[in-house]
Amino acid sequence: MKLAILSRAPRSYSTQRLRTAAADRGHTVKVLNTLRFGIDLSGDEPDLQFRGKRLSTYDAILPRIGNSVTYFGTAVVRQFEQMDVYTPSTSWGIANSRDKLRATQILSRHHIGMPPTTFVRDRADVISAIERVGGAPVVIKLLEGTQGIGVILAPTIKVAEAIIETLHSTRQNVLIQHFVSESKGRDIRALVVGDRVVAAMRRVAKGDEFRSNVHRGGSVEPVELDPEFEKAAVRSAQIMGLRVAGVDMLEGADGPLVMEVNSSPGLEGIETATKLDVAGAIIDYVDNQVAFPEIDVRQRLTVSTGYGVAEIAVLEASDLVGKTLAASGLRERDITALTLHRGTSVVPNPNGDHVLQAGDRLLCFGRLEEMRSMIPSRRRRTRKVKKLPKEPIHEPRPE
């Protein structure tokens, strides 16, 4: 295959290892500076310029998008996607993973175990927010930060309140997160490639430092993951839209607690600790998947008038409970079930023998009118514009 590595650091360990691994396997590989691309939308087809000239054809790309160029970098990756070039890291996956709040919201929606987290903006809400996550000490995180930068441990509520007030005064948004004391300055980095963890290491903080990042002096050691940790890492990466990712987890008392999903994980620390050819595993995965470029499923499936994608919840009182998919009547209503979600498990392309249970969620494609009739109706606001009341402004009622 012909592969492009998008990187502004051609001499970094990770970029050189990926380039070497690709070349050793007989692939044609180029390292291209992300900022030298130009997005060309003037022609009949989406296209890219590189250094002012039309880009030649590539089979796949490996994005190594730096934090400082996330917006432009994801725009370039998105253009490759529109050109049907394979990427193991989607543009939306990279963007979502860079925003800690957005990433936490997405993972929470899919019941991924995480430390209790809250997000507030008004000073009056800070103390109650700290209490909601279990009280002091708490971890305060900037929404955008890497390598442990912008992560602060506040030992008391007063200190936490002062730090948050200071950060808010500089227009910084922060997350307030429960401090997992049992982790004792340790965490696990799992390197996910496709649907498996290819390598994992435990990072241990130096001295009294609670951040275990290698860039902060932390030490590393190889670790054999328990199945629940591996499952949490793989699901987190897949949910975020990343087929190559570094998933950071704490060893909580009740199991893995996902801290972050990194879209451009460094390879030096984990290859040094495990002595495994992680770069080679990434190249082999891309080689096997290059025929399946990332596509925007919702975008492609909603171009037919009257058809679209919707999620149908099987409620306790639904007449679908206890019926098989074949007997559910969905096919007769021109509705196809694409996936069946049951708790934390997902059944892709479920067959007609699956018996539906209360609490199941079906991701479906079909006639919107038919699917709309199966979704509980919400109260709709009247469209008629009423006359302005005699007292258009009044004091709010006390709660």
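- A donor atom on one side chain and an acceptor atom on the other are not found under 3.5 Å apart for Glu268 and Ser14.
- The number of heavy atoms from other shown groups lying within 6.0 Å of CD (Glu332) is above 12.
- No side-chain donor-acceptor contact under 3.5 Å links Arg64 and Thr34.
- Within a 6.0 Å radius of CG in Asp254, other residues, nucleotides and ligands contribute 12 heavy atoms or fewer.
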For this session: Could you give me the CA-CA distance, side-chain angles and deciding distance for Ile65 and Arg98, then say whether side chain to side chain contact (heavy atoms under 4.5 Å, CB included) is met?
Result: CA-CA 10 Å; Ile65 307 299; Arg98 288 288 160 79; 4.2 Å; yes
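- For Glu370 and Arg331, the salt-bridge test fails: no basic side-chain N is under 4.0 Å from an acidic carboxylate O.
- Using a 4.5 Å heavy-atom cutoff, the side chains of Leu62 and Pro88 are in contact.
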Problem set entry | Worked check of side chain to side chain contact (heavy atoms under 4.5 Å, CB included) between Met114 and Thr104 | CA-CA 8 Å; Met114 293 178 292; Thr104 302; 3.9 Å; yes
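- Here the OG1-CD1 distance, from Thr118 to Ile130, works out to 9.5 Å after rounding to the nearest 0.5 Å.
- Of the possible polar contacts, none joining the Ser108 side chain to the Gln105 backbone as a donor-acceptor pair under 3.5 Å is found.
- Put simply, the side chain of Ser7 does not reach to within 4.5 Å of the side chain of Asn33, judged on heavy atoms.
- In this structure, Arg367 and Ser373 have side chains that are not in contact, with every pair of non-hydrogen atoms separated by 4.5 Å or more.
- Side-chain atoms of Ser56 and Lys2 include a donor-acceptor pair closer than 3.5 Å.
- A donor-acceptor contact closer than 3.5 angstrom is absent between the side chains of Ser89 and Ser263.
- Looking at Thr87, its side chain never comes within 3.5 Å of a backbone N or O of Thr90 through a donor-acceptor pair.
- From Ile112, atom CD1 reaches atom CD1 of Ile106 across 11.5 Å, with rounding to the nearest 0.5 Å.
- His168 and Thr166 share no donor-acceptor pair across their side chains, judged by distance under 3.5 Å alone.
- Annotation: the span from His110 atom NE2 to Ile239 atom CD1 amounts to 5.0 Å, rounded to 0.5 Å.
- Of all the heavy atoms in Ala233 and Val197, the pair that sits closest is CB-CG2, 4.1 Å.
- Under a hydrophobic clustering in which Ile, Leu, Val, Met, Phe, Trp and Tyr are joined whenever their side-chain heavy atoms come within less than 4.5 Å, directly or via other members, Val247 and Val223 fall into the same cluster.
- Using a 4.5 Å cut-off on side-chain heavy atoms (C-beta onward), Gln79 and Val77 make no contact.
- The two atoms that bring Gln238 and Gly194 nearest to each other are NE2-O, 4.1 Å, heavy atoms only.
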For this session: Could you give me the CA-CA distance, side-chain angles and deciding distance for Arg186 and Arg203, then say whether side chain to side chain contact (heavy atoms under 4.5 Å, CB included) is met?
Result: CA-CA 6 Å; Arg186 305 185 308 173; Arg203 303 184 295 192; over 6 Å; no
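- Under a hydrophobic clustering in which Ile, Leu, Val, Met, Phe, Trp and Tyr are joined whenever their side-chain heavy atoms come within less than 4.5 Å, directly or via other members, Leu143 and Met259 fall into different clusters.
- A heavy-atom distance below 4.5 Å is not found between the side chains of Phe179 and Val138.
- Minimum heavy-atom separation, Ile163 to Ala154: CD1-CB, 4.2 Å.
- The residues Glu369 and Arg372 are annotated as salt-bridged, a charged nitrogen and a carboxylate oxygen being separated by less than 4.0 angstrom.
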Problem set entry | salt bridge (Lys or Arg N to Asp or Glu O under 4.0 Å) between Glu271 and Arg189, intermediate numbers included | CA-CA 12 Å; Glu271 286 196 337; Arg189 161 64 66 91; over 6 Å; no
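- Checking Thr15 against Ser12 by side-chain atom types alone, a donor-acceptor pair falls below 3.5 Å.
- For Phe80 and Phe37, the distance between ring centers is under 6.0 angstrom.
- The closest donor-acceptor contact from the side chain of Gln177 to the backbone of Thr117 lies at 3.5 Å or more, if one exists at all.
- Side-chain contact, Tyr86 with Glu81: no donor N or O sits under 3.5 Å from an acceptor N or O.
- At least one side-chain heavy atom of Val258 sits under 4.5 Å from a side-chain heavy atom of Leu107.
- The heavy-atom pair separating Arg361 from Gly343 by the smallest distance is NH2-O, 4.1 Å.
- Checked for salt-bridge contact, Asp360 and Arg342 meet the test: a charged N lies under 4.0 Å from a carboxylate O.
- Atom CG in Asp226 sits 8.5 Å away from atom CD in Glu251 (nearest 0.5 Å).
- By the rule that hydrophobic residues join a cluster once side-chain heavy atoms approach within less than 4.5 Å of another member, Val355 and Leu340 end up as members of separate clusters.
- The CG atom of Asp248 sits 12.5 Å away from the CG atom of Leu257 when rounded to the nearest 0.5 Å.
- Taking every heavy atom of both residues into account, Asn173 and Phe119 meet most closely at CB-CE1, 3.9 Å.
- Under the 4.5 Å side-chain contact rule for hydrophobic residues, Phe229 and Met240 share a cluster.
- Pairing each heavy atom of Leu3 with each of Ile283, the nearest pair is CD2-CD1, 3.7 Å.
- The pair Arg25-Asp277 meets the salt-bridge criterion, since a charged nitrogen lies less than 4.0 angstrom from a carboxylate oxygen.
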Exercise. Taking it one step at a time, do Val314 and Gln357 satisfy side chain to side chain contact (heavy atoms under 4.5 Å, CB included)?
Worked result: CA-CA 7 Å; Val314 181; Gln357 300 176 7; over 6 Å; no
For this session: Mind running salt bridge (Lys or Arg N to Asp or Glu O under 4.0 Å) on Arg243 and Asp195 for me, showing each step along the way?
Result: CA-CA 8 Å; Arg243 298 298 176 261; Asp195 57 0; over 6 Å; no
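- Rounding to the nearest 0.5 angstrom, the gap separating the NZ atom in Lys141 from the CG atom in Leu167 is 14.5 Å.
- Placement of Leu142 and Val120 within a single hydrophobic cluster is found when ILVMFWY residues are connected by side-chain heavy-atom separations under 4.5 Å, directly or transitively.
- Leu48 is listed as a side-chain neighbour of Met83, based on a closest heavy-atom distance under 4.5 Å.
- A salt bridge is defined here as a Lys NZ or Arg NE, NH1 or NH2 lying under 4.0 Å from an Asp or Glu carboxylate O, and Arg54 with Asp40 fails to meet this definition.
- Using a 4.5 Å heavy-atom cutoff, the side chains of Leu325 and Asn351 are not in contact.
- With hydrogens and angles disregarded, a donor-acceptor distance shorter than 3.5 Å links the side chain of His27 to the backbone of Met1.
- Counting heavy-atom neighbours within 6.0 Å of Arg121 CZ, excluding the residue itself, gives a total above 12.
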